[in-house]
Structure formats: C-alpha cells, structure tokens
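A short write-up of the structure that comes next.
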Amino acid sequence: MERTPRQEHIRNFSIIAHIDHGKSTLADRLLEATSAVAKRDMEEQLLDNMDIERERGITIKARAVRLNYTASDGEQYVLNLIDTPGHVDFNYEVSRSLNACEGALLVVDATQGIEAQTLANAYLAVDAGLEILPVINKIDLPSANIEGVRNEIEDIIGVPAEDCPAVSAKVGLNIDQVLERIITDIPAPAGDEGGPLKCLIFDSYYDSYLGVVVYVRVMQGCLHSGDRIKLMSNGKEFDVVDVGTMEAFGLKKGDCLMAGDVGYITASIKSVGDTRVGDTVTLASKPADEPLPGFQSALPMVYAGIYPADGSKYEDLRDALEKLELNDAALVFEPETSIALGFGFRCGFLGLLHMEIIEERLEREFNLDLITTAPSVIYEVKRRGGEVVRIDNPSNFPTADEIETAYEPMVKANIITPTEYVGGLMELCQDRRGVFIDMKYLDTVRVELHYDLPLNEIIYDFFDALKSRSRGYASLDYELKGYEPSKLVKLDFLLNGDQVDALSFIVHEEKAYPRARRIAEKLKDNIPRQLFEVPIQAAIGGKIIARETVKAMRKDVLAKCYGGDITRKKKLLEKQKEGKKKMRQLGSVQVSPEAFMAVLKLSDDD
Amino acid sequence: MKKLGIYIHVPFCRAKCLYCDFCSHPPRNGEKTEYVEALKRQIASYRERFCGYTADAVYFGGGTPTLLSSDQLGGILDALRASITVSEDAEITSECNPATVDRTALTKLRAAGINRLSIGAQSFNDDELCALGRLHNAANVTSTFDDARAAGFDNISLDLMYGIPRQTRDSWQATLDAAIALSPEHISAYGLRVEQGTPFGTMGDSLVLPDENLTAQMYLDATERLEQAGIYQYEISNFACRGRESRHNIKYWKCDEYVGFGVAAHSYFDGERYAAPTDIDSFVSGKFIDEQSVARVDEHEAEVEFVMLAMRLRDGLRCEEYRKRFGIDPAEKYTPRFAPYVVSGHVVADERGYRFTREGMLVSNYILSDVLDL
C-alpha cells in the first residue's frame with residue numbers, strides 16, 4: 001500500500017484486555033514514557049474520566065490521546081492511542097473504535113492468562129483486520145507464569161507470542177519494549193490524502209463552550225478548519241470551527257487533518273445525537289461516493305420508567321436527562337405518567353449496563369433519588385382488526401381478547417466458551433427459551449455456540465448467569481434478529497386489592513408463574529409493615545396466580561421517656577416521619593423505594 | 001404559686017445491667033461526697049429563679065439513689081428546701097434496687113422525708129433477672145418490699161420488664177401475679193429495648209428475645225391482669241390504684257414544668273428544654289448545663305410535644321386542655337388525621353378528645369409519626 005512519509009510516522013492503536021488485566025495502567029505508563037504527562041501530574045488511570053469508570057474499572061466511552069515518541073531508529077513518531085469500552089452493551093462502539101486503528105495491544109494478565117473478554121475483544125480486533133500485539137502484564141507478581149501465557153496466546157488466539165513484550169505496567173518495567181514494538185509491528189495508516197474526505201466518527205461528547213467535539217479517524221482525504229462538512233447518515237451540514245489533536249491534557253488546535261490522522265472536529269454542533277458513532281464525515285463540496293461500512297444508528301434495546309423518588313424533583317430529573325442526552329446519543333427518553341409513581345420518563349437504553357450507568361450518573365452527578373421500573377424490551381402486538389402497535393410500556397399492553405398475535409424481539413447470540421462449560425450454558429439457554437442453532441469447535445478447548453434467544457431473556461441478568469456458569473470465561477455477543485410470534489402475557493401486581501401499574505411487566509406465559517411467585521416473595525420482604533395485613537397478589541388478566549401477605553405491625557412504641565428526655569422521643573418520631581416521606585402511597589399501602597428496587601434486581605439466585 | 005417537679009439524678013449503681021444505657025456507673029472513692037456537694041451547689045444556684053414556684057413532686061432517680069446514705073439524701077432535700085418551697089403534701093419518690101437497702105436504712109429514708117418508693121424489681125423469675133445482669137433475686141424483691149412497708153412506706157411502685165431474653169408468656173404472667181400479690185400502689189411495666197452501646201446492643205443474633213407478637217401479647221396481658229387487680233393503666237407503661245398515679249411522671253406527659261438536677265438530668269423550665277452534661281467530672285467542676293442541649297420551645301414545638309405526650313396518657317389528648325393551652329380547637333387539624341386510625345380501631349375519638357386503644361398504644365410511634373407536624 002502506498003504511504004506518504006508523513007503516514008509512515010503514524011501508528012494508530014487500541015488496547016484491549018479482560019477487565020482488571022491492567023489496560024488502564026498500561027495506558028498510563030505509555031503516556032508517562034512518552035512524556036505526554038509528567039509523572040507528578042499523573043492521576044491514576046488518566047483515560048477513564050468518569051468516577052463510575054474508575055470505580056467499576058471499566059471504560060464506558062471511547063477516548064483518545066496522541067503521544068509523541070522518538071524511536072530507537074532516531075525517527076519521531078506520532079502514536080494515537082484509542083481507548084475502547086469493554087462491555088457487550090457497547091460492542092458496537094468497540095468495533096467502531098477498533099476500525100479507527102491498524103493495530104491493537106492485547107493485554108493479558110500473567111497470573112490469570114486468557115479470559116473471556118480477552119477472547120471476545122481479540123476476535124473483534126481480528127474482525128476489524130487489526131494487527132495484534134500481545135503484551136503480557138503483571139510479571140512483577142510472584143505467581144506470574146509468562147511462558148504458560150505465551151503458549152496460551154499462541155494456542156487459543158493463534159497470534160505469535162514467542163517474543164512479545166512481558167511487562168509490569170504497575171512498576172513500569174519493559175514499557176520501552178512495548179513502544180518499540182508498536183513502531184515495528186503495527187502497520188502505519190494508509191489512505192489517499194487527495195481523495196474525497198472520509199472520516200470515521202468513533203466518539204463524541206458535548207462541551208458547553210465548544211459544542212459537540214467529534215473524535216474522528218481520517219480514512220481518506222484532508223480536512224481544514226473552515227471547511228463545510230456533511231454527515232453522511234443524516235445529511236446534516238456544519239462549518240468546521242477547529243480541527244486538531246487530542247493531547248493528554250486537552251485539545252490542541254491544528255491546521256488540518258489528513259488521511260491516517262486521528263483528531264477532533266468542532267463545528268458548533270448542538271447535539272451528540274447528530275454525530276453518531278460509526279458515521280462518516282465528508283466534505284459538503286466534494287462528498288465521498290459512499291460512506292464507510294458498518295454504520296448503525298443507536299438502537300435502544302431496553303426500556304424502563306425512571307421516576308424521581310420525591311415527586312417534586314420531576315423538573316430536576318428532566319434537566320438531568322437533557323444534560324446526559326447531550327453526551328449520550330444512545331439515551332432516549334420521553335415523559336410518562338404512572339398512577340403509582342406520578343410523573344417520570346420512559347427511557348431507552350442500549351442494555352442493562354447502560355441503564356445502570358445512566359441511573360448511577362443521575363443519582364451521583366445530579367443528586368437525585370430514583371425509582372426505576374422493571375426493564376422491558378419493545379414488543380409488537382397485532383390487534384384483532386390488523387393494527388400493529390409497538391409496546392414499550394407494559395401499561396399499554398392490550399388485554400388478551402384484543403390481541404391477535406404478540407411478537408417479541410429475538411437476537412442471534414454467539415457464545416464462546418471453554419468446552420467444559422458447554423453443558424451448563426446449554427441448560428441456561430434452554431431455560432431462557434433459547435433455540436439451538438449450532439455449535440462449532442474453534443480448537444480443542446474452545447467452542448462457539450449459536451442460539452436464537454428472546455431479547456427479554458437476556459437483558460435481565462443473562463450476562464451475569466453466563467459468567468457465573470462459566471467462571472467468567474464465556475463471552476457473549478448478540479445482534480437483533482427480528483420479531484417472532486410469542487405467547488406473551490402481562491403480569492400485574494395488586495397490593496391490598498389495588499393494582500400497582502409500576503410493577504407490571506410483560507412476560508412469556510411459561511415464565512409467568514415462577515416469576516410471579518418470586519416477585520411476590522420479594523415484595524413481601526421489602527414492603528414495610530403497616531398497621532393492617534397487606535395481601536400481595538400477582539394476576540394475569542383477572543386471574544390471581546400468586547399470593548403473599550405482609551403481616552400487620554403489632555408493636556412500635558417507646559416504652560419509657562426516661563428522666564423527662566422528651567427530645568429523644570421526638571427525634572425518634574422525626575426520623576420515622578422522614579422515612580415515611582420517602583414512601584409512595586399506593587392505594588392504602590405505603591411502599592418504600594427499596595421495594596421497587598428489590599423487584600427490579602430480581603436475579604436467578606432468588 | 002406555680003407548681004414544679006424536681007428530678008434529682010444519682011448516677012451510681014453497684015454494677016451496670018446488661019441492657020442499661022442510662023447515665024450510671026459504680027462510684028469511685030470519694031465520688032459520692034463530691035457529687036452530693038455539686039448537686040447542692042447546683043440547687044442553690046436556682047434559688048432566685050425558683051421564686052414564685054412550689055415543688056409538689058420530687059423524684060430521686062438513677063442509677064441507684066439508695067447507694068447514697070439517707071443522710072446524704074436528706075441533705076439534698078434540705079438544700080432543696082432552702083431554694084424552693086416544697087409543699088407539705090409533696091410526693092417525694094426515690095428509686096431503689098432490691099437488696100441495696102435493709103429495713104433500718106429504709107426507716108431512715110422515710111424519716112428523711114421520702115414518702116414514695118419505686119423498687120426496680122424487673123422480674124420475679126431468677127433466671128430472667130440473671131439474664132438481665134441484675135444483682136438481686138426474686139426473694140430479695142419480696143423482702144425489700146416487706147421492709148419498705150415495715151418502714152412506713154404506704155406508696156410503693158414496682159418496675160417490671162417484659163421482652164426479657166427467653167421470657168415466656170407464662171413466666172411473665174407469673175411475674176405479674178407475684179407483683180400483684182404484694183399489693184403495690186403503682187406498677188411500671190416497660191418493654192426491654194436493646195440500645196446501642198450496651199452489652200445487649202453488641203450481642204446481635206446471639207441474644208434471643210421474645211418476638212414482636214409475643215411481646216405485644218405480654219403487654220396486653222399486663223394491662224388485663226393489672227386492671228383485674230385494681231391497678232389501672234393511666235399511661236402507656238404505667239399503672240396505679242386510683243389516686244396513686246405518679247404525680248412526677250404525669251408532669252412529663254402534661255408538659256408541666258420540671259427541673260432536673262445532677263448529671264444527664266433534663267429540664268423543661270421557663271420555656272426551655274435543656275440537659276446537664278453526662279460527664280460527671282465536668283458536672284462536679286461546676287458545668288451544670290450542656291449548652292448544645294438548650295432549646296427554646298416555640299409555639300409550634302410546644303404544640304407537637306403537647307399532643308405527642310398527651311397521647312401517652314390513657315385519657316389521651318383532651319380537647320378542653322388543648323383549647324386552654326393553644327386557644328383553638330384541635331378538631332379541625334386532628335380529626336381528619338386520626339380518622340383512618342379510628343376506622344382501623346387504633347384510636348378513639350369523641351367529644352372529649354382523642355385517645356389510643358390498647359392496640360393503638362402498641363403502635364403509637366407509627367401513628368404519631370404520621371399525625372404530628374414533626
């Protein structure tokens with residue numbers, strides 16, 4: 001491939017790894033070693049900006065940084081490091097980030113060896129046509145088994161690892177070897193600098209001063225500030241304000257971005273919704289014939305109602321969601337009302353992790369207490385008479401006699417697992433109403449399973465169940481296959497005879513009974529006792545299928561006001577009153593936010 | 001003359017019981033003398049503020065007040081009389097624990113002016129007393145009671161406790177019967193509460209207590225048996241023969257004024273609630289008020305406290321008394337608030353006012369935290 005001398009001095013790469021194998025620490029050392037960041041300014045895990053990312057040890061959004069490196073051949077190189085998210089909810093974002101690179105460092109823990117995410121990510125990288133450079137990390141640990149891990153990498157992933165770097169990112173050992181190998185092993189980018197502009201968007205975020213900042217990899221052509229650009233998926237045009245590069249501590253303006261470069265664009269764009277990951281940026285005056293392949297618009301897979309625990313915080317919740325939306329093109333929401341919970345929003349997410357992250361950000365960054373309803377996928381119902389309706393909220397599910405056929409979304413699931421866990425995972429898939437398609441041996445120790453599964457069976461806790469049945473080794477990838485007819489019913493819950501709309505959900509007929517029983521039990525444990533017995537009933541249509549009872553409270557009295565200490569008694573009652581304020585009055589029953597949470601977090605083990 | 005209750009705290013006991021989170025400890029050498037002198041100084045400091053007041057109830061609480069000698073207790077009463085008029089028919093109570101006093105000591109106590117005795121019996125079952133970490137047995141309760149009668153006490157109260165580890169309904173009824181057999185004028189029946197910072201508070205699941213239904217039943221058993229014996233309930237935890245209700249305790253429930261002397265003692269005086277420090281050394285060195293505890297009771301708080309405390313009484317909140325105190329009828333505010341609990345049978349509302357039923361008393365915190373403007 002033809003490359004200009006400028007291109008010959010660029011390397012674009014990602015780091016991929018299983019969780020906790022030291023991806024972020026290695027990134028930190030690379031920044032330090034190329035003096036992009038002085039050691040004293042180093043903050044642990046620089047690339048993970050959000051608190052949640054640091055705590056969970058995962059990357060949610062892609063990020064990029066440019067490093068300047070003088071190699072042992074005396075030449076100056078530009079290294080663009082593009083970080084990737086690490087969860088199946090964000091697989092699409094990962095694949096776009098990888099497409100912006102020519103190579104990937106595959107970090108493997110010398111004490112743990114290859115694990116599920118190592119594999120899943122390695123395959124994504126291979127699919128993207130990347131050169132893979134294994135890096136064995138944590139060799140400072142006494143239990144490190146460098147040679148064993150080298151063999152594993154060669155046997156399982158099929159990448160030569162005989163002389164791959166063995167490092168300790170933690171203590172900074174052999175980091176220079178990694179940098180040298182990036183230069184020698186990872187191909188330089190190519191692309192015609194004179195051709196029509198094609199930039200791949202791999203990330204974007206909203207900045208209150210700059211508007212949307214778009215991170216791109218230029219695949220072909222050349223972009224200057226002042227150019228008028230066009231986004232190929234939606235045809236929107238913008239005038240470029242600035243282009244430049246991502247340095248360790250912020251953006252640095254430049255004159256132009258050329259084929260092979262990684263950089264940013266600002267163009268007074270107001271919403272990240274316009275700059276979808278995977279989209280292609282071209283010039284309005286001289287557009288490319290066709291966009292880069294692989295673009296998908298973000299498609300919410302999971303819906304849930306989010307309500308403020310304190311009804312008066314509705315406006316605050318709206319403001320917070322609007323702010324998050326600026327930065328998260330995959331988040332969608334619209335107002336909804338619940339009889340039980342008042343005013344709130346029906347929100348769409350990529351998956352359950354995405355949902356948890358949004359909830360956590362709302363609670364932490366905006367200091368909101370939330371009540372979230374059980375997550376649901378979008379169902380389709382063909383009414384008698386032929387009209388087809390989409391149902392993203394169980395409240396809108398028609399009654400049985402109005403339904404001609406109900407449909408639910410199915411996915412094609414691809415599970416990779418060591419052979420010893422195949423039995424357990426097949427059981428799991430069967431339990432989740434999966435339909436077996438085929439099984440392939442990847443080598444003597446690993447198997448690839450294909451199943452068609454209902455999406456509503458995997459959004460819940462499938463990933464956790466998969467991990468626990470395979471000791472964390474199995475990996476999951478899935479894509480939407482379409483809608484199939486299904487026997488769906490709406491399961492309702494009644495407290496003291498009153499139906500609670502926020503607790504309703506849609507479920508397959510076969511699953512209704514066990515789910516109803518388990519949720520009734522959970523409600524029983526989590527609804528605070530009242531002065532009267534509270535019957536809990538689960539019902540389909542008018543038929544009660546499970547029942548529990550919250551016993552009445554018998555005794556709640558402070559026996560003694562010792563020595564005239566009135567204050568103490570008053571404080572006790574004040575505290576009690578405070579607790580009651582958080583409760584929701586559902587008919588005659590007071591329910592704490594914890595009760596809703598408990599139902600939501602229902603898992604296999606319950 | 002305005003009437004006033006006086007509480008005097010004696011923070012000494014022979015050993016700390018396993019459930020006790022009151023301010024008490026075994027005295028160090030010379031500590032009792034120092035403390036009594038400090039009490040007298042504190043009492044003297046009120047002399048001017050007591051102008052226009054008469055004390056009609058004095059209460060020595062603890063700890064174990066009878067760990068002080070009758071001379072010391074008498075000395076405190078003398079100091080009190082020098083600061084405030086103590087009415088002739090004043091109720092002067094001292095708490096005492098079984099087996100801490102003999103007949104001679106009780107006779108002296110009576111002679112010193114104390115006319116009511118509150119005996120910390122807790123139980124008539126030796127295993128239960130042992131479980132509580134009490135230093136006496138059931139026989140001691142009876143003999144102390146008999147000694148008190150012989151010493152001339154005609155107004156005696158017994159403290160009983162239900163919800164004791166491994167207590168059964170039968171053993172509680174036996175305790176009630178044993179107490180009734182002594183014919184006391186007054187009985188206080190308290191449910192055991194496990195408090196943080198006590199040995200019981202650290203024992204977790206290893207402490208096996210009667211469950212909620214059983215303790216509720218024990219409470220109902222107590223009210224029933226005692227009333228059969230002519231000892232009537234007048235407050236959530238207190239029972240008395242007619243006319244023998246504790247005058248001092250009633251002041252708490254009716255928001256009457258009282259001044260507490262000694263460490264950790266609480267006062268409601270002159271529109272303020274406040275307490276003394278709990279640390280005996282600061283108290284002895286002359287720090288009589290814990291500044292952090294001082295709270296002016298404004299009209300709103302006074303109203304909340306008035307209702308909260310009145311509802312502890314068998315007679316509950318009396319409309320007439322409420323009108324007298326706040327100038328308005330409580331019905332507009334409280335009739336709708338109590339209404340659901342009237343329907344559920346926890347509250348009785350009539351033209352006289354609002355009061356809890358027995359079942360209502362058992363869950364009074366739940367209801368009050370809903371009804372009051374806290």
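Quick caveat: nothing in here was measured; it's all calculated off a predicted structure. Chain naming here is simple, since letters A, B, ... match the order of the sequence lines and numbering starts at 1 in each.
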Side chain, backbone, both or neither: which part of [X] has an atom under 4.5 Å from a heavy atom of chain A?
{"X": "B:I8", "value": "neither"}
{"X": "B:H346", "value": "side chain"}
{"X": "B:Y59", "value": "neither"}
{"X": "B:L372", "value": "both"}
{"X": "B:D211", "value": "neither"}

Worksheet item: Just checking, is any N or O donor in the side chain of A:D492 or A:S504 under 3.5 Å from an acceptor N or O on the other one?
Response: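 Distance-only check passes for A:D492 and A:S504.
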
Taking the basic N atoms (NZ, or NE/NH1/NH2) and the acidic carboxylate oxygens, is any pair closer than 4.0 Å for [X] and [Y]?
{"X": "A:K571", "Y": "A:E578", "value": "no"}
{"X": "B:E301", "Y": "B:R296", "value": "no"}
{"X": "B:D56", "Y": "B:K251", "value": "yes"}
{"X": "A:R346", "Y": "A:E336", "value": "yes"}

Practice prompt. Compute the ring centroids of B:F283 and B:F288, then answer whether they are less than 6.0 Å apart.
Written response: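 So the answer is yes for these two rings.
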
Fill in: Choice from B:V363, B:D370, B:L192, B:T215 maximising heavy atom contacts with chain A below 4.5 Å
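Looking at each of B:V363, B:D370, B:L192, B:T215 in turn, B:V363 comes out on top.
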
Among [options], which has the most heavy-atom pairs under 4.5 Å with chain B?
{"options": "A:Q530, A:K580, A:E574", "value": "A:K580"}
{"options": "A:L573, A:D556, A:T567, A:L572", "value": "A:D556"}
{"options": "A:K575, A:K577, A:K555", "value": "A:K555"}

Item to complete: Fit a plane to each ring of B:Y162 and B:W172, take the angle between them on a 0 to 90° scale, and name the class: parallel (under 30°), tilted (30 to 60°) or perpendicular (over 60°).
Response: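 B:Y162 and B:W172: tilted rings.
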
Item to complete: Would you check if B:L362 and B:L220 make a side-chain contact, meaning some heavy-atom pair closer than 4.5 Å?
Response: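 Counting from C-beta outward, B:L362 and B:L220 do come under 4.5 Å.
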
Worksheet entry | Neighbours of chain B found in residues 306-321 of chain A - heavy atoms under 4.5 Å |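 Contacts with chain B: none.
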
Item to complete: Using the side chain to side chain donor-acceptor pair (under 3.5 Å) rule, collect all pairs that involve residues 542-553 of chain A, keeping only residues at least two apart or in two chains.
Response: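 Non-adjacent pairs meeting side chain to side chain donor-acceptor pair (under 3.5 Å): A:Y513-A:K543.
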
Worksheet item: On the ring face of B:Y268, is B:R273 found with NZ or CZ under 6.0 Å from the centre and within 45° of the axis?
Response: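 Checked: cation-pi criterion met.
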
